[in-house]
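Note that these values count all heavy atoms, side chains included, but never hydrogens, waters or copies made by symmetry. Bear in mind that the values here come from a model prediction, so they are computed numbers and not experimental data.
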Amino acid sequence: MIRSELIQKIAEENPHLYQRDVERIVNTIFNEITNAMAEGNRVELRGFGAFSVKQRDARTGRNPRTGEAVHVEEKHVPFFKTGKLLRDRLNGKS
């Protein structure tokens, strides 16, 4: 599902809301999650999962084409851990 499909689905299920308002709500939620992670915070949505940021240390990598050693900078990457409710639902337990 993509963002526009999510907005459409929410708008269909809530006919009392204008589509532009639903779009603003969805965008606000995603922006707040992104901003919190950019600040290094963890975002937990109970039953769904938790978004966090992990740090990957600097390392020496290899260029696959030439085999030459390449320095790879330290970086931060997003990480998502599923919640128990989501995991159980995916495995047909509820």
Side-chain angles (χ1 to χ4, degrees):
M1 176 179 278
I2 59 175
R3 184 185 302 229
S4 60
E5 292 172 341
L6 175 63
I7 291 167
Q8 185 65 38
K9 178 99 169 138
I10 293 171
E12 288 171 3
E13 291 180 4
N14 297 281
H16 61 283
L17 295 174
Y18 292 113
Q19 178 141 355
R20 68 177 182 267
D21 293 336
V22 173
E23 187 172 349
R24 190 176 307 139
I25 291 166
V26 169
N27 288 336
T28 300
I29 291 169
F30 287 144
N31 286 338
E32 288 303 313
I33 290 172
T34 302
N35 292 340
M37 290 178 65
E39 293 173 3
N41 296 326
R42 182 173 185 265
V43 178
E44 182 177 335
L45 304 172
R46 295 282 165 107
F48 182 70
F51 297 92
S52 60
V53 178
K54 292 202 174 197
Q55 178 180 342
R56 291 202 180 150
D57 295 330
R59 62 185 172 85
T60 301
R62 296 254 174 236
N63 180 332
R65 184 173 293 171
T66 64
E68 176 184 344
V70 177
H71 178 71
V72 178
E73 298 287 328
E74 167 188 292
K75 61 183 167 183
H76 295 88
V77 294
F79 179 75
F80 178 74
K81 181 176 179 183
T82 59
K84 184 178 184 327
L85 203 64
L86 176 60
R87 216 175 15 254
D88 288 348
R89 187 152 182 202
L90 291 175
N91 293 308
K93 294 184 181 176
S94 65

Open item on the list: Whether the E23 and Q19 side chains hold a donor-acceptor pair (N or O, under 3.5 Å, no angle test) is what I'd like checked.
Closed with: no
Which heavy atom of [X] sits nearest to which heavy atom of [Y], and what is that distance?
| X | Y | answer |
| --- | --- | --- |
| L86 | F48 | CD2-O, 3.3 Å |
| A50 | R42 | CB-NH2, 3.3 Å |
| T82 | R87 | O-NH1, 2.9 Å |
| V22 | I7 | CG1-O, 3.6 Å |
| T60 | A69 | CG2-CB, 3.9 Å |

TODO: Check the pair F30, R3 against side chain to side chain contact (heavy atoms under 4.5 Å, CB included), reporting the backbone distance first and the verdict last.
DONE: CA-CA 10 Å; F30 287 144; R3 184 185 302 229; 3.5 Å; yes
Task: Side chain to side chain, M37 and P78, heavy atoms closer than 4.5 Å - done: yes
- [ ] In sequence, state the C-alpha distance, the side-chain angles, and the governing distance for R56 and E74, and then conclude on side chain to side chain contact (heavy atoms under 4.5 Å, CB included).
- [x] CA-CA 6 Å; R56 291 202 180 150; E74 167 188 292; over 6 Å; no
Linking I/L/V/M/F/W/Y whenever their side-chain heavy atoms sit closer than 4.5 Å, directly or via other members, would [X] and [Y] fall into one cluster?
| X | Y | answer |
| --- | --- | --- |
| L90 | F51 | yes |
| V53 | V72 | no |
| I33 | L6 | no |
| I25 | Y18 | no |

- [ ] Start with the C-alpha distance between R46 and L85, add both sets of side-chain angles, then the distance that settles side chain to side chain contact (heavy atoms under 4.5 Å, CB included), and finish with yes or no.
- [x] CA-CA 8 Å; R46 295 282 165 107; L85 203 64; over 6 Å; no
Task: side chain to side chain contact (heavy atoms under 4.5 Å, CB included) evaluation trace for V26 with I10 - done: CA-CA 9 Å; V26 169; I10 293 171; 3.9 Å; yes
Open item on the list: Run the salt bridge (Lys or Arg N to Asp or Glu O under 4.0 Å) test on K75 and E73 for me, step by step, so that the C-alpha distance in whole Å, both residues' side-chain angles and the decisive distance to 0.1 Å come before the verdict.
Closed with: CA-CA 6 Å; K75 61 183 167 183; E73 298 287 328; over 6 Å; no
Task: NZ/NE/NH1/NH2 to OD/OE distance under 4.0 Å, K9 and E5 - done: no
Task: Pairwise distance CZ(R24) to CZ(R20) - rounded to 0.5 angstrom - done: 7.0 Å
Open item on the list: Test your reading of the model: is there a side-chain donor-acceptor pair from N14 to the backbone of H16, 3.5 Å cut-off?
Closed with: no
